[in-house]
Amino acid sequence: MTRHGGFEPVFCTIVPPHVLDRLAQAGDPVLAGPARRTLQRDAYERTQRRLTTVVGARAVAPLAAEPGTPHRTVHDAGHGTGLPGRAVRAEGDEPGQDATVNRAYAGLGATFELLLSAYGRDSIDGAGMPLVATVHYDRDYNNAFWNGEQMVFGDGDGEIFLDFTLPIDVIGHELAHGVTQHTANLDYFGQSGALNESVSDVFGALIKQYSLGQTAAEADWLIGAGLLAPRVTGTALRSMKEPGTAYDDDVLGKDPQPATMDDYVRTGRDNGGVHINSGIPNHAFYLAATTLGGHAWERAGQIWYDVLTGGELRQDALFTDFATLTVKAARARFGQGEELLAVTKAWERVGVRTL
Ligand SMILES: [Zn+2]
């Protein structure tokens, strides 16, 4: 197990490897086959990511976009694995016949809009970075990922997973990895890795809530709702409201997320449990946001964003470091008000100390 260096962007797949590992061992080849194939593709793409990081090849050429306007391109891989594939919808193009293309385009747009209108951030890098997505990647591909440069979506195998463009929070989750990469750049291992994952869930959820105009009380606080096929016993990939309850299925197993430090999972798998222990900071955000009420992106989201982009968050931050900075950010932005109390109490309830 190696620790990520400072220069290696996160290669995040929305479905973590431990879930696919379990599926790959299923007795039914209809279920195991796509999972095995997906794991192989993920391993290959992860390697490619390392190579291109070193060589600097395959970078998306920056285009001269008007500041404060999105610059989206959606590509179709045509069930192959070449990236980015054929460009099928560029910025300003009318919607076409392919609902998957249209959903990817809309999801990129919603993410751009939340970042700009709520936080004054011009795209992922704060400097108008073009947003690039590829859909229909491979066959029966059970994942979606951010490779450091662009988003990639599979169609799912239809047995366990459906089209990965269906949940807008999955699109937001992956793009938020890009924001983290360009700001705090949290190491993708152990607690800092779980914070990296949690930040992506937080902003993924906020993008969904923003696009639906929901308050914290109205939101479902699920990540990946609508992604699981009907045969699966479950509602989503993760729950920020009740970590550990998103699914409990014969084939998929049970959602392993803890909600508090009492149930913190020590594991070498999944980069030290980055998609598992993220349940703890996820739940802290949920508690802070629902205590405050109203639109979660306005206060709780602003505090989390301030920590992510404020320059004080170390790459190897622990939960307690992040929590302490949220308390500091709450005070800096909102003074000694209810925000400070809500954030402090939220961390207390999940068992993370603030200093
Ligand atoms: Zn992720």
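Basis for what follows: all heavy atoms, side chains included, without hydrogens, waters or symmetry-related copies.
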Problem set entry | Working for side-chain contact (heavy atoms from CB on, under 4.5 Å), residues Cys12 and His275 | CA-CA 10 Å; Cys12 170; His275 294 88; 4.1 Å; yes
Does a donor on one side chain and an acceptor on the other come within less than 3.5 Å for [X] and [Y]?
X: Glu197; Y: His173; result: yes
X: Arg37; Y: Asn142; result: no
X: Gln25; Y: Asp21; result: no
X: Ser192; Y: Gln315; result: no

Exercise. Is any NZ, NE, NH1 or NH2 atom of the basic residue among Arg314 and Asp321 found under 4.0 Å from an Asp or Glu carboxylate oxygen of the other?
Worked result: no
Donor-acceptor contact below 3.5 Å, side chain [X] vs main chain [Y]:
X: Thr320; Y: Arg353; answer: yes
X: Asn147; Y: Gln150; answer: yes
X: Arg36; Y: Ala24; answer: yes
X: Thr81; Y: Asp138; answer: no
X: Thr291; Y: Leu287; answer: yes
X: Asn277; Y: Val265; answer: yes
X: His283; Y: Lys241; answer: yes
X: Thr324; Y: Leu355; answer: yes
X: Arg238; Y: Ile223; answer: no
X: Asn271; Y: Phe189; answer: no

Side-chain contact, heavy-atom cut-off 4.5 Å: [X] with [Y]?
X: Gln209; Y: His295; answer: no
X: Tyr305; Y: Trp297; answer: no
X: Val199; Y: Phe322; answer: yes
X: Tyr247; Y: Val19; answer: yes
X: Leu83; Y: Glu149; answer: no
X: Asn143; Y: Leu20; answer: yes
X: Val274; Y: Asn196; answer: no
X: Thr235; Y: Asp220; answer: no

How many angstroms lie between atom [atom1] of [X] and atom [atom2] of [Y], to the nearest 0.5 angstrom?
X: Gln191; Y: Ile280; atom1: CD; atom2: CD1; answer: 7.5 Å
X: Thr134; Y: His75; atom1: OG1; atom2: NE2; answer: 5.5 Å
X: Leu206; Y: Lys208; atom1: CG; atom2: NZ; answer: 12.0 Å
X: Glu339; Y: Glu298; atom1: CD; atom2: CD; answer: 11.0 Å
X: Glu174; Y: Trp146; atom1: CD; atom2: CH2; answer: 9.5 Å
X: Ile207; Y: Leu114; atom1: CD1; atom2: CG; answer: 5.5 Å

Which heavy atom of [X] sits nearest to which heavy atom of [Y], and what is that distance?
X: Ile303; Y: Thr326; result: CG2-O, 3.4 Å
X: Leu166; Y: Gly226; result: CD1-O, 3.8 Å
X: Ala216; Y: Ala296; result: CB-CB, 4.4 Å
X: Ile168; Y: Ala110; result: CD1-CB, 3.7 Å
X: Arg121; Y: Asp125; result: NH2-C, 3.5 Å
X: Thr69; Y: Phe112; result: C-CZ, 3.4 Å

Hydrophobic cluster identity match, [X] and [Y], side-chain contacts under 4.5 Å:
X: Ile124; Y: Leu116; value: yes
X: Val15; Y: Leu162; value: no
X: Tyr286; Y: Phe319; value: yes
X: Val327; Y: Leu292; value: no
X: Val170; Y: Leu222; value: no

Problem set entry | Heavy atoms of other groups near Arg349 CZ, more than 12 under 6.0 Å |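 No, because the 6.0 Å sphere around CZ of Arg349 holds 12 heavy atoms or fewer from other groups.
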For this session: For atom NZ of Lys254, decide whether the heavy atoms of other residues, nucleotides or ligands shown that lie under 6.0 angstrom number more than 12.
Result: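 Yes, enclosed.
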For this session: Please assess Asp98 against Arg89 for the test salt bridge (charged side-chain N to carboxylate O under 4.0 Å, His left out), listing each intermediate value before the final yes or no.
Result: CA-CA 10 Å; Asp98 188 333; Arg89 188 167 175 197; over 6 Å; no
Problem set entry | Criterion side-chain contact (heavy atoms from CB on, under 4.5 Å) on Phe164 and Asp155, from CA distance to verdict | CA-CA 6 Å; Phe164 279 76; Asp155 293 334; over 6 Å; no
Exercise. Would His182 and Met129 count as a side-chain contact (heavy atoms from CB on, under 4.5 Å) if you check the C-alpha gap in whole Å, the side-chain angles of each, and the deciding distance to 0.1 Å?
Worked result: CA-CA 11 Å; His182 285 276; Met129 181 178 174; 4.0 Å; yes
Exercise. Is there a side chain to side chain donor-acceptor pair (under 3.5 Å) between Ser117 and Tyr210 once you walk through the steps?
Worked result: CA-CA 10 Å; Ser117 66; Tyr210 180 81; 2.7 Å; yes
Exercise. On the ring face of Phe11, is Arg46 found with NZ or CZ under 6.0 Å from the centre and within 45° of the axis?
Worked result: no
Exercise. Given Val135 and Val74, is the side-chain contact (heavy atoms from CB on, under 4.5 Å) satisfied, shown in steps?
Worked result: CA-CA 7 Å; Val135 299; Val74 180; 4.2 Å; yes
For this session: Kindly assign one of parallel, tilted or perpendicular to the pair His79 and His136, based on the angle between their ring planes and the thresholds 30° and 60°.
Result: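 Correct class here is tilted.
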Exercise. Using the ring of each side chain (for Trp, its six-membered ring), is Tyr137 parallel, tilted or perpendicular to Tyr141, with breaks at 30° and 60°?
Worked result: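 Rings of Tyr137 and Tyr141: perpendicular, over 60°.
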